[in-house]
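The basis for the numbers below is simple: all heavy atoms, side chains too, and nothing from hydrogens, waters or symmetry mates. Here is the naming used below: chain letters follow the sequence lines, and residue numbers restart at 1 for every chain. These figures come from a predicted structure and were not determined experimentally.
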2 protein chains.
Amino acid sequence: MRARPNPPARPVGIKDIARALGVSTGTVDRALHDKPGINAGTRQRVLDKAAALGYRPNLAARHLKSRTSIRVAVHLPEEIALFWDSLRDGIREAAAPFAPTLSVEFRNNPRLGEGEVELFEKALASGVNGLIVAPGDPAALEPLSRRAAATRVPIVCVVTDAPTCERLTSVSADPFTVGAVAGELLSRFLPGRGEIAFFTGWLGTEDHAEKLRGFEASLEAEARRADLVSVVEAHDDEQAGYRRALTALDAHPELKGIYVSTVNSLPVLRALERRGRLGKISVVTTDLFPALVPHIRAGHVAATIYQRPVSQGRQALAALYRFLADGTRPPKRIKLIPHVVMRSNLDQLLGRMG
Amino acid sequence: MRARPNPPARPVGIKDIARALGVSTGTVDRALHDKPGINAGTRQRVLDKAAALGYRPNLAARHLKSRTSIRVAVHLPEEIALFWDSLRDGIREAAAPFAPTLSVEFRNNPRLGEGEVELFEKALASGVNGLIVAPGDPAALEPLSRRAAATRVPIVCVVTDAPTCERLTSVSADPFTVGAVAGELLSRFLPGRGEIAFFTGWLGTEDHAEKLRGFEASLEAEARRADLVSVVEAHDDEQAGYRRALTALDAHPELKGIYVSTVNSLPVLRALERRGRLGKISVVTTDLFPALVPHIRAGHVAATIYQRPVSQGRQALAALYRFLADGTRPPKRIKLIPHVVMRSNLDQLLGRMG
DNA sequence: CTGGGGTACGTGAACGTTCACGGTATAATA
DNA sequence: TATTATACCGTGAACGTTCACGTACCCCAG
């Protein structure tokens, strides 16, 4: 009844096409790869016949030929090792099946945004074929990305997007969804109505603005069970974030919930502790790092929205490799569904970052 | 300063080993693959030299030779198309890079547990090299799995485990964590204390018992904010489930939360509707299928624990392939972290089942 | 001494694709 | 007409690995 979608017949190769048309394999090769030196008519005949026979290129044979392996450089910070190492693991994992056709070179900068320009220039000079970066300072990277585009070196952004850069794609947790999930969780965690606050990094970044939009959309959808009374820009300066958090807490003694949309949630937690309100306020944070773990265990942080670095790494490398190998372009943006990490799944997540 | 972990040197191949030792490539091949017809001494010399030079086999070349491609059969039900199709997509996606060395044949049985034995026998008879199955009736599959093991045909279980079967590994959402997440969510969703109920499939299955354990562990950790007052075995008969749900609802007029740990949550929802208690009770369900979507949108289902079929498929095929290709054994059990699906991330999940 | 059987190893042809090179037409120029 | 240029296409060698086959050698029975 059901059409058999898998004819386990002998796979048809380039030679089969050549024999069927009475041409040589060289001609078929030229036709299939848009190379010069072939009549437009025969090219079309080859393409038609290839489609008719259901030709699928043998990736193994193709890669066998290319002695000069594809080189991709990966530029990531060292700062939050647990997070970035997971990302690297994902990249390594995805790259493994293609060795040694594909070789991945990891280069680190100390912190997000520090020294990334130098790494970028060095990579371009060394003649890599592709690049995976976590853009800390998109503005500084923009001219470099144009130079890369000029030499046909594709770039994949991970974790955060740099929409103004010339990039092949970006892989990240969808910020709107991240904010929306945080908003829904916070709404539901409140017993009845209550005031909540939103702590962000710098709203200039498109990502953070999107998170806020998603957050507000969820509050709306949840019938305004929660009132957003404060949006605090914490920047990424620890001291400033701490002081602003204190100010916000004092200004809103009835606060029942907090979402920290930036990775820098520790200053807010310290402020909560200082004011003796840990555990009395539902806190949702972003990402996961060692210092956050005890807070989750203790219940001071109800949930954290995790950006799934392993999957990001896997998908980033897969997209980049497919483009370098086949020329197939990925969607402009690859959005992952973020994980909700709570006390109950924390251990499993720490065990194997999946 | 930092040790360069990637020497972009020319990859060392089987010929390099042969030349270094003054033997032929055939001898190196025999040594590396435990084949007969080689002196134990030279085998060791080859292995040592291979390790010293850092030999990594070129997968492309290896697969090129094997004209007889590896055949794996995938046996999945048709029943809940949205779920099983996602699983199939994950398998296809993971298999794509290895075509045509690896050919995947999909066979369907109408519902979970129906006709799986026949499919299994047919697959063994047809001489497949590996099998991916969702065991509906582990007891019936057990003797077959031994026959498969006797002929060295590895089996990978997905979605649910069959620990008594001879299987290479199983890929599934960790049931303890699934239950624990549900328990934590439900605890936090309740405004203050409250009674909750646990609806399961048949507790005989190891998976469901594990879910209950995880669920109870979470209630304990959440300081008993919620009281588990009822554990209902709904079986998978729609009518029986519906009647039992009605009974449970009537017996507990103060019920504030429900977790349905089996995929069959619709009878429970119908019972809730019948008694006019939809929306008054926090409901957490399992998995995702079209009929559940409007309930999530309406807020009648606060969250559903999603088993991530795409990832399951990907990982199942990857593990099976690695074993068939390299002989590397995966861990006995591969546990995925389940997704928490709510209104806020439902759309993204429906869009691209990631 | 011959021969048969075993062990240990070398040899070379494939696998499907790519690419540089060479060849053969036809067209343009001297 | 002879020469050169151009467009198109065929040829064959590689890529790294595997496998069937061939060969050299040693041991021992006939």
Listed once per pair and sorted, the side-chain hydrogen bond (donor to acceptor under 3.5 Å, both in side chains) pairs that draw on residues 154-164 of chain A, sequence neighbours left out: A:Glu142-A:Thr164, A:Thr160-A:Asp207, A:Asp161-A:Arg167, A:Asp161-A:Ser170

Inspect the surroundings of CZ in B:Arg92 and state if more than 12 heavy atoms from other residues, nucleotides or ligands are less than 6.0 Å away. yes

C:dT17, D:dT18, D:dG10: which one has an atom nearest the side-chain heavy atoms of B:Arg62? D:dT18

Contacts of B:Lys35 meeting salt bridge (Lys or Arg N to Asp or Glu O under 4.0 Å) (sequence neighbours excluded), chain-then-number -> B:Asp29

Whole angstroms only, please: what is the CG-P distance between B:Leu32 and C:dC9? 14 Å

In this structure, how many angstroms lie between the C1' atom of C:dT18 and the CG atom of A:Asp34, rounded? 16 Å

Tell me, please, which residues at least two apart from B:Arg329 pass salt bridge (Lys or Arg N to Asp or Glu O under 4.0 Å). none

Give A:Gly13 one of three labels, base, sugar-phosphate or nothing, depending on what nucleic acid heavy atoms sit under 4.0 Å from its own. sugar-phosphate

Is any side-chain N or O of A:Thr27 closer than 4.0 Å to OP1 or OP2 of D:dC8? no

Whole-Å distance separating the CG atom of B:Leu64 from the C1' atom of C:dC15: 4 Å

Hits for salt bridge (Lys or Arg N to Asp or Glu O under 4.0 Å) against A:Lys122, two or more places apart or cross-chain, chain-then-number order -> none

For B:Tyr321, all residues meeting ring-ring contact (aromatic ring centres under 6.0 Å, His included), sequence neighbours excluded: B:His63, B:Phe98

Check whether any side-chain nitrogen or oxygen of B:His33 sits under 4.0 Å from OP1 or OP2 of D:dT18, and answer yes or no. yes

Expressed in angstrom and rounded to an integer, what is the separation of B:Ile14 atom CD1 from C:dG10 atom P? 12 Å

Distance below 4.0 Å between A:Ser24 side-chain N/O and D:dG10 OP1 or OP2: yes

Given side chains that start at C-beta, do those of A:Leu320 and A:Pro154 come closer than 4.5 Å, heavy atoms only? yes

Could you list all N or O pairs between the protein and nucleotides 19-22 of chain C that sit under 3.5 Å apart?
unit_1, atom_1, unit_2, atom_2, d
C:dC19, OP2, A:Lys35, NZ, 2.3

Atom-pair distance (CG on B:Leu21; P on C:dG10), nearest Å: 10 Å

Separation of atom CG in B:Asn58 from atom P in D:dA14, rounded to whole Å: 18 Å

Show me the side-chain donor-acceptor pairs of residues 51-58 of chain B shorter than 3.5 Å, one per line, residues at least two apart or across chains.
unit_1, atom_1, unit_2, atom_2, d
B:Asn58, OD1, B:Ala60, N, 3.0
B:Asn58, OD1, B:Ala61, N, 3.2

Whole-Å distance, A:Arg19 CZ to D:dT11 C1', equals 17 Å

Under a 4.0 Å heavy-atom cut-off, which of residues 38-57 of chain B touch DNA chain D? B:Tyr55, B:Pro57

Would you kindly give the NZ-to-P distance between A:Lys15 and D:dG12, to the nearest whole Å? 13 Å

Residues at least two apart in sequence or cross-chain that pass side chain to side chain contact (heavy atoms under 4.5 Å, CB included) with B:Lys332, listed by chain then number, are none

